[in-house]
Every structure is written in C-alpha cells, then in structure tokens.
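What follows is a short report on a single structure.
Note that the structure is predicted; figures quoted are calculated from it, not measured. Excluded from the calculations below are hydrogen atoms, water molecules and symmetry mates; all remaining heavy atoms, backbone and side chain alike, are included. Residues: numbered from 1 along the sequence shown.
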Amino acid sequence: MESVSLMKQLGAVAIIAGTAIGAGMLGIPFAVAAVGFKFSVLLLLLVWAVMFSTAMLTVEACSSQPLGSDMDTISYNILGKPGRSLNILFYVLLLYSLITAYIFVGGSIFKKYFFTN
C-alpha cells in the first residue's frame with residue numbers, strides 16, 4: 001500500500017476545515033436569529049447527525065477504492081455514469097452555495113466598513 005505524505009494529509013484537512021468553518025461562521029448567526037435559540041440548537045444537532053452519517057458513508061466508500069482515487073472516480077466506480085453525473089451536480093451546487101454565503105455576508109461587511117457616511 002502506498003502512503004500519503006504528511007503534508008498532503010495536513011493540506012487536505014486544512015482545506016476541508018477552512019471551508020466548513022468559514023461558511024458556517026458566516027451563515028449561522030443569520031439563520032439562528034430568525035428561528036430562536038432552542039429550535040436552532042435542535043436543528044444544529046439534526047444537521048450534525050446527518051453530516052456524521054454522511055461522513056461515515058464517505059469513509060466506507062473511500063476505503064473500498066484504491067489509494068489516490070478522487071470523488072469523481074469513486075462515484076463512477078460505485079454508482080456508474082448516473083452517480084458520476086449526480087456527484088458533479090452536487091459538487092457544483094456546494095460551490096454555488098459557498099460562494100453565495102461568502103458574497104452575502106462579505107458584501108454586507110464590505111458595505112458597512114467602506115460605504116458609511
């Protein structure tokens with residue numbers, strides 16, 4: 001079995017953590033303000049459970065593939081052409097939602113600090 005260098009592992013962890021933490025820190029205050037604290041904690045636990053189960057399914061899928069396989073290859077090997085198409089669609093939707101969150105919150109911060117009277 002081929003091993004992956006420590007720097008590549010740290011880089012992958014940093015990319016995933018930075019994306020998840022960055023978008024969450026921008027989006028959570030706006031979502032929580034609208035529904036209240038108790039309901040938002042309940043939703044947070046529900047979302048955590050879904051994310052945890054999805055992560056475990058991803059680990060299972062990745063462990064059945066050769067080392068160095070990317071998500072496109074894994075989805076094609078397990079689900080075929082329709083799965084590959086869905087993987088690409090969901091990836092594009094993920095990137096769209098992230099850029100939307102950054103623009104929405106970043107735009108209001110930019111407006112507040114640079115266009116004040």
Side-chain angles (χ1 to χ4, degrees):
M1 179 185 269
E2 182 182 332
S3 65
V4 179
S5 72
L6 180 63
M7 291 307 291
K8 283 188 178 184
Q9 290 177 9
L10 289 175
V13 168
I15 288 171
I16 293 169
T19 302
I21 291 171
M25 292 301 289
L26 288 174
I28 286 176
F30 287 104
V32 170
V35 297
F37 182 74
K38 291 179 184 177
F39 189 66
S40 62
V41 169
L42 180 69
L43 283 176
L44 185 65
L45 291 173
L46 177 69
V47 169
W48 174 83
V50 170
M51 289 176 60
F52 180 76
S53 62
T54 304
M56 292 297 106
L57 290 171
T58 304
V59 167
E60 185 70 28
C62 290
S63 65
S64 69
Q65 299 297 312
L67 187 65
S69 297
D70 58 356
M71 289 304 290
D72 188 47
T73 305
I74 293 170
S75 64
Y76 181 74
N77 289 343
I78 294 175
L79 302 171
K81 283 187 178 183
R84 183 183 214 172
S85 299
L86 281 175
N87 181 47
I88 292 170
L89 175 69
F90 291 146
Y91 187 66
V92 168
L93 289 174
L94 170 71
L95 294 177
Y96 175 75
S97 64
L98 287 173
I99 196 72
T100 303
Y102 283 120
I103 289 173
F104 178 71
V105 176
S108 64
I109 292 172
F110 186 79
K111 180 181 175 184
K112 179 181 178 182
Y113 288 111
F114 290 107
F115 295 113
T116 57
N117 292 333

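Phe90 and Met71 sit in two unconnected hydrophobic clusters of ILVMFWY residues. Membership requires side-chain heavy atoms under 4.5 Å apart, directly or through other members. Put simply, Ile74 and Leu79 are part of the same group of oily side chains (I, L, V, M, F, W, Y) that touch within less than 4.5 Å, one to the next.
To the nearest 0.5 Å, atoms CD1 (Ile99) and CD1 (Ile103) are separated by 4.5 Å. In this structure, CG on Asp70 lies 3.5 Å from OG1 on Thr73, to the nearest 0.5 angstrom. In this structure, Lys38 NZ and Leu42 CG are separated by 12.0 Å, a value rounded to the nearest 0.5 Å. The distance from the CD1 atom of Ile88 to the OH atom of Tyr76 is 12.0 Å, given to the nearest 0.5 Å. Distance check: Ile78 CD1 to Ser64 OG gives 4.0 Å after rounding to the nearest 0.5 Å. The CZ atom of Phe52 sits 10.5 Å away from atom CG of Leu57, with the distance rounded to the nearest 0.5 Å.
What you find for Ser53 and Val50 is that their closest heavy atoms are OG-O, 2.9 Å.
Within a 6.0 Å sphere centred on CE of Met7, heavy atoms belonging to other residues, nucleotides or ligands number 12 at most.
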